[in-house]
Amino acid sequence: AIYGIIIAIILNSKMKASDTFGEQQMNELKAACYTVLAAGIAVGVGNMACGVSVGIVGSSCALADAQNSSLFVKILVVEIFASALGIFAIIIGILQAQAAVFPN
């Protein structure tokens, strides 16, 4: 959830208000809006996949640790790899957010 808040703050800071728009500015505005939408969706879907993978891996880790406690460190590394999906998603969202240029 924190990654969603971070990308929301980044995207909100990119937006600018303007009173009048010509056709060229309207096309730039549409492109920027779709870019912001794509960044939000990328972060949301990526973090949803991260949550599902952490849940699946966490369940498997709990069962494996219950059977053999010497596997705990190895299992923890696998759990960290599952959590890294959320970090990758926010990196993609930030890169997409940089491409959004709102007209003046």
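Side chains are part of it too, since the values below use all heavy atoms of this structure and drop only hydrogens, waters and symmetry mates.
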Distance (rounded to the nearest 0.5 Å) between [X] [atom1] and [Y] [atom2]:
X: Leu95; Y: Ile90; atom1: CG; atom2: CD1; value: 11.0 Å
X: Asn12; Y: Ile7; atom1: CG; atom2: CD1; value: 11.5 Å
X: Cys61; Y: Lys74; atom1: SG; atom2: NZ; value: 13.0 Å
X: Leu11; Y: Ile6; atom1: CG; atom2: CD1; value: 12.0 Å

Return yes if some donor-acceptor pair links the side-chain N/O of [X] with the main-chain N/O of [Y] below 3.5 Å, else return no.
X: Ser53; Y: Ala49; answer: yes
X: Gln67; Y: Ala64; answer: no
X: Ser59; Y: Gly55; answer: no

Check whether more than 12 heavy atoms from other residues, nucleotides or ligands sit under 6.0 Å from atom CE of Met26, and answer yes or no.
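No, not enclosed.
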
Within a strict 4.5 Å, meaning less than it, do heavy atoms of the [X] and [Y] side chains meet?
X: Phe102; Y: Cys33; value: yes
X: Ile92; Y: Val43; value: no
X: Val54; Y: Val57; value: no
X: Leu71; Y: Asp65; value: no

Identify the two heavy atoms, one from [X] and one from [Y], that lie closest to each other, and give their separation to 0.1 Å.
X: Asn47; Y: Ala89; answer: N-CB, 4.2 Å
X: Ala39; Y: Gly93; answer: CB-O, 3.7 Å
X: Leu85; Y: Cys50; answer: CB-CB, 3.9 Å
X: Lys14; Y: Gln98; answer: NZ-O, 3.8 Å
X: Gln96; Y: Ala38; answer: OE1-O, 3.3 Å
X: Asn68; Y: Ser70; answer: OD1-OG, 2.8 Å

Joint hydrophobic cluster, [X] plus [Y], side-chain heavy atoms closer than 4.5 Å:
X: Ile10; Y: Ile2; result: yes
X: Phe72; Y: Ile75; result: no
X: Val78; Y: Val52; result: no
X: Ile41; Y: Met15; result: no

